[in-house]
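Reminder, nothing fancy here: chain letters follow the sequence lines and each chain counts from 1. Computed from a predicted model, the values in this text were never measured in an experiment.
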There are 2 protein chains.
Amino acid sequence: MTARKSRHHHGNLRATLVAAGVVLVDRSGPDALSTRKLAAQAGVSHAAPAHHFPSLTHLRTAVAAEGFRRFTAAMEDAMGRADAHPRAQCDAACRGYIAFARGHPGLFQLIFGGHDLVREDVEFCAASGQAAALLSRIAAPFAAGARDRAAVETMIWAQVHGFCSLMLSGQLAVADGIDPADWFLSLPGRAPVGSDAAHFPLARNGTAA
Amino acid sequence: MTARKSRHHHGNLRATLVAAGVVLVDRSGPDALSTRKLAAQAGVSHAAPAHHFPSLTHLRTAVAAEGFRRFTAAMEDAMGRADAHPRAQCDAACRGYIAFARGHPGLFQLIFGGHDLVREDVEFCAASGQAAALLSRIAAPFAAGARDRAAVETMIWAQVHGFCSLMLSGQLAVADGIDPADWFLSLPGRAPVGSDAAHFPLARNGTAA
DNA sequence: GCGCAAGCTTGACAGTGTCAAGTTTTCAGC
DNA sequence: GCTGAAAACTTGACACTGTCAAGCTTGCGC
């Protein structure tokens with residue numbers, strides 16, 4: 001189905017470019033993305049991508065959207081293999097978060113690293129919105145009111161995201177032989193805390209509830 | 001002293017390039033950095049920077065080192081204007097952290113955004129080491145043992161850094177009219193928590209100690 | 001005053017994104 | 001089943017990028 005014979009029309013160029021872009025970013029980082037490289041890899045001329053993406057920024061945005069989908073999938077995957085208990089689900093999501101950042105640093109940095117993206121792109125918004133919705137769902141059991149909910153969401157996200165971000169930028173060295181996710185989950189005072197006593201199997205100081 | 005007349009020798013090119021680089025990154029983001037642009041701005045030929053920096057990555061690293069120095073200065077400045085109490089110092093450092101991220105998003109992303117940098121550069125290591133040392137000093141009063149100290153450091157840094165990082169990448173919208181630093185400092189469960197009761201003027205649930 | 005090294009220039013090269021114009025293919029409407 | 005128009009792709013060009021190889025200019029130690 002892909003590139004039957006070697007015709008003038010590729011038939012599926014847009015998807016091919018995005019897929020190749022994901023691989024390239026994953027391997028060589030966000031800055032390695034190049035319309036000409038992807039065009040060559042897809043076997044088309046250097047200007048072909050321009051007919052599917054108005055600019056490199058748009059192509060980068062499409063790759064980032066796919067990155068967001070895989071990011072969400074990483075969390076959902078970890079959650080699917082965990083207990084249904086709210087705290088276990090939250091911990092699992094954090095594990096998925098950290099695993100994605102470690103396994104796909106290029107995509108992680110493309111998504112969160114402040115690169116030039118078309119932030120109002122509908123596909124990108126949908127993909128990032130799904131990730132945000134997942135975080136929101138995880139935070140819900142730990143919050144009473146709307147303000148609590150925003151606060152708990154922010155804390156969960158900020159903590160795990162800051163941990164990943166610092167780890168990737170080399171500012172936070174985790175000792176050899178220690179799994180970063182284990183280390184993160186063992187940190188005292190990790191969110192959610194506060195009004196979540198009912199869903200919190202371990203008390204804040206490490207003693208059983 | 002700068003560029004006397006218009007001589008062949010600039011006299012202070014290295015420092016001039018870094019200074020112009022800081023301004024450029026501050027204005028237009030890390031990706032706008034270009035040896036030719038800086039050369040033109042300094043009034044020298046396009047290949048002149050190569051005699052002071054082996055590659056663009058080295059120039060970028062020098063700019064990042066200066067960025068780290070200003071980042072540290074922003075925290076120290078806020079701390080200087082705050083009470084000497086450990087908790088007040090920690091809060092002030094967070095305010096400085098957030099103020100720097102908001103005021104200089106380009107430099108913040110250059111430093112922490114996973115860009116290509118010469119991480120073993122001595123000047124860069126010194127600059128980033130000073131920031132880490134400051135964080136360590138702030139965390140010290142809240143930690144009992146060595147493991148606690150690393151954990152508290154990690155939590156403080158991860159929380160505020162994640163908050164800033166998500167804010168800059170547009171994933172975390174702070175309501176209009178609310179100061180992001182105020183909102184962050186008001187979050188329940190913010191580190192340091194745990195063994196810091198003696199230095200914690202407010203109890204964890206918001207009631208006075 | 002001389003010589004040499006450092007600092008800077010000029011020119012070139014391969015690579016990039018983007019535009020304009022031309023060619024090929026697909027497909028809807030008759 | 002043909003036709004014309006639109007979509008898909010190519011070719012060529014342009015300005016821009018980082019980097020290299022030469023050569024020129026200047027300052028400074030001797």
Side-chain angles (χ1 to χ4, degrees), chain A residues 1-25 27-64 106 110 115-118 121, chain B residues 1-25 27-64 106 110 115-118 121:
Chain A
M1 193 73 69
T2 51
R4 45 254 170 125
K5 279 180 230 170
S6 158
R7 299 241 279 277
H8 188 84
H9 277 48
H10 181 283
N12 199 23
L13 184 55
R14 198 197 142 95
T16 304
L17 290 173
V18 172
V22 167
V23 172
L24 188 60
V25 168
R27 276 201 199 137
S28 316
D31 292 341
L33 210 61
S34 141
T35 62
R36 289 176 111 108
K37 262 188 247 170
L38 295 187
Q41 199 162 331
V44 294
S45 77
H46 66 261
H51 290 265
H52 295 276
F53 303 97
S55 78
L56 174 63
T57 304
H58 288 80
L59 203 170
R60 194 188 288 119
T61 302
V63 174
L110 173 63
H115 287 83
D116 237 32
L117 298 176
V118 187
D121 178 87
Chain B
M1 191 75 70
T2 50
R4 44 258 170 119
K5 277 180 233 166
S6 156
R7 299 242 279 275
H8 188 84
H9 277 49
H10 180 284
N12 199 23
L13 185 54
R14 198 196 143 95
T16 303
L17 290 173
V18 172
V22 168
V23 172
L24 188 59
V25 168
R27 277 200 199 139
S28 316
D31 293 339
L33 210 60
S34 143
T35 61
R36 290 176 111 109
K37 260 189 250 170
L38 295 187
Q41 199 161 331
V44 295
S45 78
H46 66 261
H51 290 264
H52 295 274
F53 303 98
S55 78
L56 174 62
T57 304
H58 288 80
L59 203 169
R60 193 189 289 119
T61 303
V63 174
L110 173 64
H115 287 84
D116 237 31
L117 297 175
V118 187
D121 178 87

Which residue pairs pass the salt bridge (charged side-chain N to carboxylate O under 4.0 Å, His left out) test when at least one of the two sits in residues 12-25 of chain B, sequence neighbours left out?
B:Arg14-B:Glu123

Heavy-atom closest pair, residues A:Val18 and A:Val63:
O-CG2, 4.1 Å

Nearest-nucleotide comparison on DNA chain C, the residue closer to the 5′ end among A:Thr35 and A:His51
A:Thr35

Length of the line joining A:Leu33:CG and C:dT16:P, which is rounded to integer Å
11 Å

Separation of atom CG in A:Asp116 from atom C1' in C:dT18, rounded to whole Å
15 Å

In whole Å, I'd like the distance from the CG atom of B:Leu17 to the C1' atom of C:dG7.
12 Å

Is it true that B:Ser55 and B:His58 share a donor-acceptor pair across their side chains at a distance under 3.5 Å?
yes

Quick check: any donor-acceptor pair below 3.5 Å linking the side-chain of A:Arg36 to the base of C:dG15?
no

Per A:Leu13 side chain, nearest of listed nucleotides C:dG11, C:dT18, D:dC9:
D:dC9

What distance separates A:His51 NE2 from A:Leu13 CG, expressed to the nearest 0.5 Å?
10.0 Å

Spacing between A:Leu59 atom CG and C:dT18 atom P, to the nearest angstrom
10 Å

Rounded to whole angstrom units, what separation is found between the CG atom of B:Asn12 and the C1' atom of D:dT26?
17 Å

Is the phosphate of C:dC8, meaning OP1 or OP2, less than 4.0 Å from a side-chain N or O of B:His52?
yes

Which part of the nucleic acid, if any, lies within contact of A:Ala50, taking any heavy atom under 4.0 Å across all strands shown: a base, the sugar-phosphate backbone alone, or nothing?
nothing

Distance below 4.0 Å between A:Ser34 side-chain N/O and C:dG17 OP1 or OP2:
yes

Taken to the nearest whole Å, CG/B:Asp31 to C1'/C:dG17 is 14 Å

Just how far, in rounded Å, is P of C:dT16 from CG of A:Leu24?
11 Å

Go through the N and O atoms of the side chain of A:His46 and the base of C:dG15, and report whether any donor-acceptor pair is under 3.5 Å.
no

Considering non-hydrogen atoms only, spot the tightest contact between A:Leu110 and A:Pro30 and give its length.
N-CG, 3.8 Å

According to a strict under-4.0 Å criterion, is B:Ser45 in side-chain N/O contact with OP1 or OP2 of C:dC8?
no

Whole angstroms only, please: what is the NZ-P distance between A:Lys37 and C:dA14?
17 Å

